[in-house]
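In what follows, every chain begins at residue 1, and chains take the letters A, B, ... in the order their sequences are listed. Quick caveat: nothing in here was measured; it's all calculated off a predicted structure.
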Number of protein chains: 2
Amino acid sequence: MTKKTTEKQRLRAPSKRSIASRSRILDAAETVFARDGFEGAKVRDIAALAEVPLGLVNHHGGSKEALFREVVERRAEELARLRLEALAQAKGQGALDLTAILGCFFRPYLAKAAGSDPQWLAYARLVAMVSADPAWADISTDLFDPTAQRFMDEICALHPKVSRAVVAEGFVYSVAALLAFLTSEWRIAALASQSDAQASVEGLVAFCAAGCAARIAQAET
Amino acid sequence: MTKKTTEKQRLRAPSKRSIASRSRILDAAETVFARDGFEGAKVRDIAALAEVPLGLVNHHGGSKEALFREVVERRAEELARLRLEALAQAKGQGALDLTAILGCFFRPYLAKAAGSDPQWLAYARLVAMVSADPAWADISTDLFDPTAQRFMDEICALHPKVSRAVVAEGFVYSVAALLAFLTSEWRIAALASQSDAQASVEGLVAFCAAGCAARIAQAET
DNA sequence: GCTTATTTTGAACAATGGTTCAATTTAAGA
DNA sequence: TCTTAAATTGAACCATTGTTCAAAATAAGC
């Protein structure tokens, strides 16, 4: 399924104002979708947050579903690139262990989420939604799985004896923990009954690396 | 916030037919909520699945939100009881390690989900929804957190040196992995590119126990 | 069996929300 | 500057959906 089967050719370049509107709409959509979910999000809320008339949202984003897909796609490519770059660079510096591999997968995302652009935090919730809902399985297949496969290749190379299913299992658990890290600080703080509970990236990586290692060791016996 | 501030007293016992209708409606609501999410679920779909007229859903379940809460509450108490019983029984058989504690938390749920009642699998998706969405934080606080605290107490007793925040961190990651196990078999199978990928309970427990242990060890140094 | 609280039914209501559209404004291309 | 494609605006459309209601059917309590 290609992106657009009917590619209407443009006769003119988009104006600066049009580009700005489109960007504001996508940002607003990202925020509202992340906050309310796909069904819960209202196009009118997106329009209000973007401070544009209602009709303009459909004009730029198409249908609500098309808008959602575009919002998810927008950062997926950059994220995949950053992850693969981190992996390539780490490989250039010597042999990789499990911690290093997972670190290359986690850190680019976490760096963005902790960085200056607050939209990346909203994006994390979007990814969590897509990853959890079978209704969006095609998005996962197209945008996220290729990169995941690449990282799983590295882990499989480290442990040639174990089946890919075992590695996939550990990887899915690790991604679940990553998304929990990004979206459940309120949860951790509530359980720790102290507001200064600050989960660390190192803690997350340590958890997942040890978990994967144990799962793999279990399968190797 | 108590359950019902205006408790209208009953003058008659509910009829057998009424009890059956109510049960069918709750089962149908559980299935539809799990499949479509809270916003995506339609009261009409619930009525259709339960094979009752539309109005009867509101009559028995109250508002859509009240119905959702009741569906979540319905199994929460039984689940909490099973978990605490498993923990008590395991404690009676000697000192507990991390694997045993997590096993007591995971197994009752997994046994139910794998058991005869298919509704428990739908319930797993409901719990995942509630756990992930801050909008339902009050449900988590009321229904799930007390049991989680009890299990975290055991882990804390095992490692007196580490802060509760570290334990909470590992616990949240573990629950995330549990929910991924219950709701993401399609995901694991897709990544493993083999349909016979069968994640095991032992694999999940091994992953989480080792992960928590590593996170705690990291904090103890 | 009688009474009436409760349940059931089907319909209607009112609000919501995604989408469409014609008219207007803007600015790109020549 | 002139032409017109593209963007913007505000309104309307219409299917959807949660909720309510009055009348009819049912069955619990005496």
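Note: NZ (A:Lys42) to P (C:dA15) measures 15 Å, nearest angstrom. A straight line from CG of B:Asn58 to C1' of C:dT8 spans 14 Å, rounded to a whole angstrom. Nucleotide C:dT6 holds its C1' atom 10 Å from the CG atom of B:Leu11, rounded to whole Å. Atom-to-atom, NZ of B:Lys16 to P of C:dT7 comes out at 16 Å; the value is rounded to the nearest Å. Atom pair B:His60:NE2 and D:dG18:C1' shows a separation of 18 Å (rounding to whole Å applied). The distance between atom CZ of A:Arg10 and atom P of D:dT4, rounded to the nearest whole Å, is 19 Å. B:Arg22 places its CZ atom 9 Å from the P atom of C:dT7, with the value rounded to the nearest Å. As a whole-Å value, the separation of B:Arg44 CZ from D:dT16 C1' is 8 Å.
For a distance-only test at 3.5 Å, the side chain of A:Arg12 qualifies as a donor-acceptor partner of the base of D:dT4.
For D:dT9, the OP1/OP2 oxygens have a side-chain nitrogen or oxygen of A:Arg17 closer than 4.0 Å. The side chain of A:Ser21 places an N or O atom within less than 4.0 Å of a non-bridging phosphate oxygen (OP1 or OP2) of D:dT8.
At a threshold of 4.0 Å, the pair B:Arg81-B:Glu77 does not count as salt-bridged, since none of the basic side-chain nitrogens sits closer than that to a carboxylate oxygen.
A:Lys42 is linked by a side chain to side chain donor-acceptor pair (under 3.5 Å) to nothing, counting only residues two or more places apart in sequence or in another chain.
Here the nucleotide nearest the side chain of B:Pro14, chosen from C:dT7, C:dT19, D:dA7, is C:dT7.
Toward the 5' end of DNA chain D, the nearer of the two residues A:Ser15 and A:Gly55, judged by each one's closest nucleotide, is A:Ser15. For the pair B:Glu39 and A:Leu54, both in contact range of DNA chain D, the more 5′-proximal nearest nucleotide belongs to A:Leu54.
Nucleic acid contact class of A:Ala47 (heavy atoms, under 4.0 Å, all strands): none. B:His59 comes within 4.0 angstrom of a nucleotide base, judged by non-hydrogen atoms across all strands. Among the heavy atoms of the strands lying under 4.0 Å from B:Leu56 is at least one base atom, whether or not backbone atoms are also near.
Centroid-to-centroid, the aromatic rings of B:Phe171 and B:Phe105 come within less than 6.0 Å.
Rounded to the nearest 0.5 angstrom, A:Glu85 CD and A:Cys104 SG are separated by 11.5 Å. Summarising the geometry, atom CG belonging to B:Asp27 is positioned 7.5 Å from atom CG belonging to B:Asp117; distances are rounded to the nearest 0.5 Å.
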